[in-house]
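Excluded from the calculations below are hydrogen atoms, water molecules and symmetry mates; all remaining heavy atoms, backbone and side chain alike, are included. Nothing here was measured: the structure is a model prediction, and the numbers come from that model. Order of the sequence lines sets the chain letters (A, B, ...), proteins ahead of strands, with each chain counted from 1.
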Amino acid sequence: MPTSVVVGTSLFQIIFVTANVTFLHSINTQTVDVVLAVLLLAGAVIGAQFGARASGMLRGEQLRALLGIIVLAVCVKLIFDLVFEPSDLFSIGRAITE
Amino acid sequence: MNGPAAFLLIIALSAGSASQAIAQSLVVDMSESSISITSNFTGKDILLFGTVDVPSDIVVIVQGPREKMVVRRKGRVSGIWMNRQSVTFPSVPSYYAVASNRPLDEIASQTVRAQYRIGSTFLDFAVDASIPHLTDEEMLEFREAIFRNKRREKLYFDTDNSIQFQERLFRTSIVFPTSAPEGDYTVTTYLLRDGLVIAEKLAPLQIRKAGFERKVYDLAHQRPALYGIIAVLIALTSGWLAAAAFRRT
């Protein structure tokens, strides 16, 4: 399957996963922040249009390399957070009440 | 209500009730007794003001609704930092502010402050009985972590010298950040003289969501399924709208 098509099919199936999660999340925890989502969407949907146009100008190998760089960058960030001593060892959070 | 106007009001009030001054040695009021969280809420400062009959010390303690909190401590396991220990505190104020006209240890002794729970040192978090065997020092570290994290979130304040006196009138402003949670707050004003608590005034303060913010919150809690579907539809239509708009140009 050509790389340019892979991006599309992958995003297409993500629609169903995320829609499902949004729905279940709002039923179970009532913490889906629609106002925040709208603010983020405004940037995301417009950015996606430019992204779609830009990806059309790139070859398959270039797209794959870019995707690889993003995945590796996330890996490096995760490793950094796990291995280096955090500035505060303690964190606080609201306890889940059963 | 702005500062100078509040002061004039207090002067007028105290002049009218001069005969009752002995019985009523402490008069306190706030510029507002409720805060509405609307969609453009960016925090709020409330002015607290009052009078005393003779020179005294004033301590104001504001507490937000209490909630159950977990404090987690990270430890190193084969080179990786992960949460290892946790302690649950069943009753932690979501917001806590102390204001005084001079440092608390100059105002009253440890004993008096402990008795009235004046100051963060004497704040009670009601420790859980099912605590893993920790030493007192370790417990203190977990307790301190709450203060440190809450201060970082601007939800806890200890500010000496934040109450200004002008003769017998005093004033201070209480700062509520954007993240101040909804609920019932209490504002307690202590009047101290020669290290003893002479008078104590308790005033309620409410923080509530209002307007559009309230409607969104109510819908999410009362009709969660509908809310979820709306959220998904918003996302889908905004994506479709953007695609349609860009196709034409």
Side-chain angles (χ1 to χ4, degrees), chain A residues 8 11-56 75 77-98, chain B residues 39 67-76 79-90 92 94 128 141-142 144-146 148-150 152-153 181 212-213 216-217 219-243 245-247 249:
Chain A
L11 288 176
F12 183 70
Q13 60 94 10
I14 284 176
I15 291 176
F16 299 99
V17 176
T18 50
N20 192 22
V21 168
T22 306
F23 181 67
L24 293 176
H25 203 78
S26 57
I27 285 183
N28 287 324
T29 65
Q30 290 99 43
T31 52
V32 173
D33 192 337
V34 169
V35 179
L36 177 66
V38 166
L39 293 174
L40 295 175
L41 275 170
V45 295
I46 294 166
Q49 301 308 317
F50 289 105
R53 212 162 283 183
S55 72
C75 282
K77 162 80 175 125
L78 287 176
I79 291 169
F80 186 86
D81 288 349
L82 284 173
V83 172
F84 287 87
E85 187 174 337
S87 57
D88 192 345
L89 289 182
F90 293 88
S91 61
I92 63 170
R94 200 169 293 164
I96 297 148
T97 40
E98 306 84 40
Chain B
S39 23
E67 51 194 14
K68 194 174 182 181
M69 297 294 285
V70 196
V71 183
R72 295 187 180 86
R73 186 188 199 282
K74 282 199 171 77
R76 197 168 216 161
I80 286 171
W81 289 94
M82 54 170 80
N83 289 329
R84 295 200 66 189
Q85 283 173 307
S86 72
V87 174
T88 306
F89 294 92
V92 177
S94 48
D128 211 332
E141 271 194 285
F142 277 91
E144 284 297 315
I146 291 185
R148 199 167 53 244
N149 280 278
K150 285 281 198 180
R152 207 179 292 148
E153 294 172 38
F212 179 66
E213 197 81 352
V216 171
Y217 182 87
L219 182 65
H221 283 82
Q222 287 156 13
R223 309 284 299 276
L226 178 67
Y227 183 89
I229 291 167
I230 290 173
V232 171
L233 286 180
I234 288 173
L236 287 175
T237 48
S238 59
W240 175 79
L241 275 176
F246 274 75
R247 202 173 297 137
T249 52

Region of N20(A) in contact with chain B, defined by heavy-atom distances below 4.5 Å: neither
Residue, of T18(A), I27(A), I15(A), that accumulates the most heavy atom pairs under 4.5 Å with chain B: I27(A)
Pair L89(A)-W81(B), side-chain contact (heavy atoms from CB on, under 4.5 Å): steps then yes or no: CA-CA 9 Å; L89(A) 289 182; W81(B) 289 94; 3.4 Å; yes
Chain B contact via I46(A) - side chain, backbone, both or neither, heavy atoms under 4.5 Å: both
Segment of R223(B) engaging chain A (4.5 angstrom heavy-atom cut-off): neither
Atom pair CD (E67(B)) and CZ (F89(B)), whose distance is rounded to the nearest 0.5 Å: 13.5 Å
Inter-residue atom distance I80(B).CD1 - K74(B).NZ, 0.5 Å rounding: 12.5 Å
Closest-packed option against chain A by number of heavy-atom pairs under 4.5 Å, given A231(B), G239(B), A225(B): A225(B)
Contacting region of I230(B) [heavy-atom separation from chain A under 4.5 Å]: neither
Considering all heavy atoms, the nearest F142(B)-R72(B) contact: CE2-C, 4.5 Å
Proximity breakdown for Y217(B) and chain A, heavy-atom pairs closer than 4.5 Å: neither
Greater than 12 external heavy atoms within 6.0 Å of R148(B)'s CZ: yes
Side chain / backbone / both / neither for V32(A) at chain B, heavy atoms under 4.5 Å: both
Contacting moiety of R84(B), where chain A heavy atoms sit under 4.5 Å: neither
Closest non-hydrogen atom pair, R76(B) against V83(A): NH2-O, 3.0 Å
Toward chain B, the part of A19(A) with a non-hydrogen atom under 4.5 Å: both
Check: V45(A) and L241(B) side chains under 4.5 Å, non-hydrogen atoms: no
Among the listed options S94(B), G228(B), G75(B), S39(B), the residue most often paired with chain A at heavy-atom distances under 4.5 Å: G228(B)
Minimum heavy-atom distance between Y227(B) and V34(A), given as atom pair plus value: OH-CG2, 3.1 Å
Region of E153(B) in contact with chain A, defined by heavy-atom distances below 4.5 Å: side chain
